[in-house]
Amino acid sequence: INLYNKGAQPQGQLEVWIEMHQYDIIRQIPPEDITPPPPVPVELRVVVYDARDVIAKDVLTNQNDLYFRCTVQGIDQKGVVFQNAQDTDVHWLASGGRGSFNYRLLHNFTLPLRNPRIKIQAYDKDITAKDDSIGETVFSLKPMIKALLAQIKKGEAATAVVIEPKPTAFNMGRVWLDVYHPAKPGVSQGQVSIMLTLLTQEKADRAPVGEGRQEPNREPKLYEPDREKLSLTDPIGSLATIIGPQRLREVMFLACCFCCLAVAVMAAGGLLNDFFF
């Protein structure tokens, strides 16, 4: 319920529980137990696998220095806004709309958490300026939390909950999610493949995992991402990685034209020299 004080702007909110019963049967209905649930420390494990069809922010090279930010949000028992943000590593010179990460993020927080949700944002890293926002997606964590609390209530606190945000897209424990930019609503700016696992902190401490690709690397084991590499033994390939294949073709075409022009000028100079001298 919004609270007002002689104005249109709310001065706060009040959460209440209201029950209405017939007077003659009120004593037959036991009151609801409104005792706050005990705090439950949990760990949310987010694995960012791959990205595809991501629009390029660098129009000259058709590339991104791509990374993802995952933020768990909600309101804790004290009514304080909770927010925990973590970033993957950067896939430098990611081309063709693709990105490879195999990167694990660990979010620790305490239940209950009102309006729990996770925001996943795609960015293009910029060394000299503010990072460019590519797109984002937000979805609720309520189904995962509800399932975990139900297990705890049944005495199955050690069980982990693995839930995909969109069951129809579920595949081998992974799901592809579209990211959208607020300036272009309804137009996908790319997709990211993730997997979420929610478990109690007790279970997490008994079977810890490392952040990123660090040890202990398990459940699942994350291998090195498939990324472009620079090599002194392959200068053309390295140049294509840096400036992009299309830009490299343009540079090579201009270089060929310049060489042909230079040869033509030198040949013309030789002919003129023979003619006049």
Side-chain angles (χ1 to χ4, degrees), residues 1-5 7-19 32-48 68-88 104-123 133-154 156-157 159-170 174-183 185-186 188-189 191-204:
I1 299 176
N2 290 326
L3 303 177
Y4 298 92
N5 183 17
Q9 184 67 29
Q11 302 303 302
Q13 292 183 325
L14 177 66
E15 186 175 4
V16 299
W17 178 284
I18 299 176
E19 291 186 70
E32 288 283 345
D33 183 5
I34 60 174
T35 303
V40 180
V42 296
E43 181 172 277
L44 178 67
R45 298 174 177 177
V46 182
V47 177
V48 179
F68 285 87
R69 174 170 297 161
C70 298
T71 306
V72 175
Q73 302 171 324
I75 302 175
D76 63 18
Q77 280 186 303
K78 298 180 180 179
V80 178
V81 175
F82 171 82
Q83 185 163 281
N84 180 270
Q86 297 185 38
D87 297 345
T88 67
R104 182 184 290 108
L105 303 171
L106 304 177
H107 298 270
N108 301 95
F109 54 96
T110 300
L111 301 178
L113 197 66
R114 285 190 291 134
N115 194 22
R117 58 195 180 276
I118 185 169
K119 177 189 291 186
I120 301 176
Q121 300 166 287
Y123 285 96
S133 174
I134 298 175
E136 64 182 48
T137 184
V138 182
F139 57 87
S140 175
L141 294 174
K142 285 184 179 180
M144 299 189 75
I145 292 175
K146 184 178 180 180
L148 183 64
L149 293 178
Q151 291 181 355
I152 293 175
K153 191 174 182 179
K154 295 178 181 178
E156 303 172 356
T159 304
V161 177
V162 183
I163 291 183
E164 69 285 359
K166 295 182 179 179
T168 56
F170 182 61
R174 298 165 59 171
V175 62
W176 285 96
L177 298 176
D178 290 285
V179 295
Y180 300 91
H181 196 280
S188 176
Q189 303 299 294
Q191 292 185 318
V192 58
S193 174
I194 67 167
M195 184 176 74
L196 306 180
T197 305
L198 180 67
L199 61 165
T200 62
Q201 192 63 57
E202 178 186 359
K203 167 68 175 178

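Counting from 1, the numbers follow the sequence of the chain as shown.
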Let me confirm one number: the [atom1]-[atom2] distance from [X] to [Y], rounded to the nearest 0.5 Å.
{"X": "F109", "Y": "E43", "atom1": "CZ", "atom2": "CD", "result": "9.5 Å"}
{"X": "K142", "Y": "R114", "atom1": "NZ", "atom2": "CZ", "result": "10.0 Å"}
{"X": "L141", "Y": "L196", "atom1": "CG", "atom2": "CG", "result": "7.0 Å"}
{"X": "L148", "Y": "T197", "atom1": "CG", "atom2": "OG1", "result": "11.5 Å"}
{"X": "M144", "Y": "L199", "atom1": "CE", "atom2": "CG", "result": "9.0 Å"}
{"X": "R117", "Y": "T71", "atom1": "CZ", "atom2": "OG1", "result": "10.5 Å"}

*Would you kindly say whether R69 and Q121 are connected by a side-chain donor-acceptor distance under 3.5 Å?*
no

Identify the heavy atoms of [X] and [Y] that sit nearest to each other, and give their distance.
{"X": "I118", "Y": "V46", "result": "CD1-CG2, 3.9 Å"}
{"X": "L113", "Y": "G74", "result": "CG-CA, 4.0 Å"}
{"X": "Q86", "Y": "L105", "result": "O-CD1, 3.9 Å"}
{"X": "F68", "Y": "A122", "result": "CE2-CB, 3.4 Å"}
{"X": "P112", "Y": "P38", "result": "CD-O, 4.4 Å"}
{"X": "Q77", "Y": "P39", "result": "OE1-CB, 4.3 Å"}

Side-chain touch [X]/[Y], heavy atoms, less than 4.5 angstrom:
{"X": "T110", "Y": "D76", "result": "no"}
{"X": "L106", "Y": "R45", "result": "yes"}
{"X": "Q191", "Y": "D178", "result": "yes"}

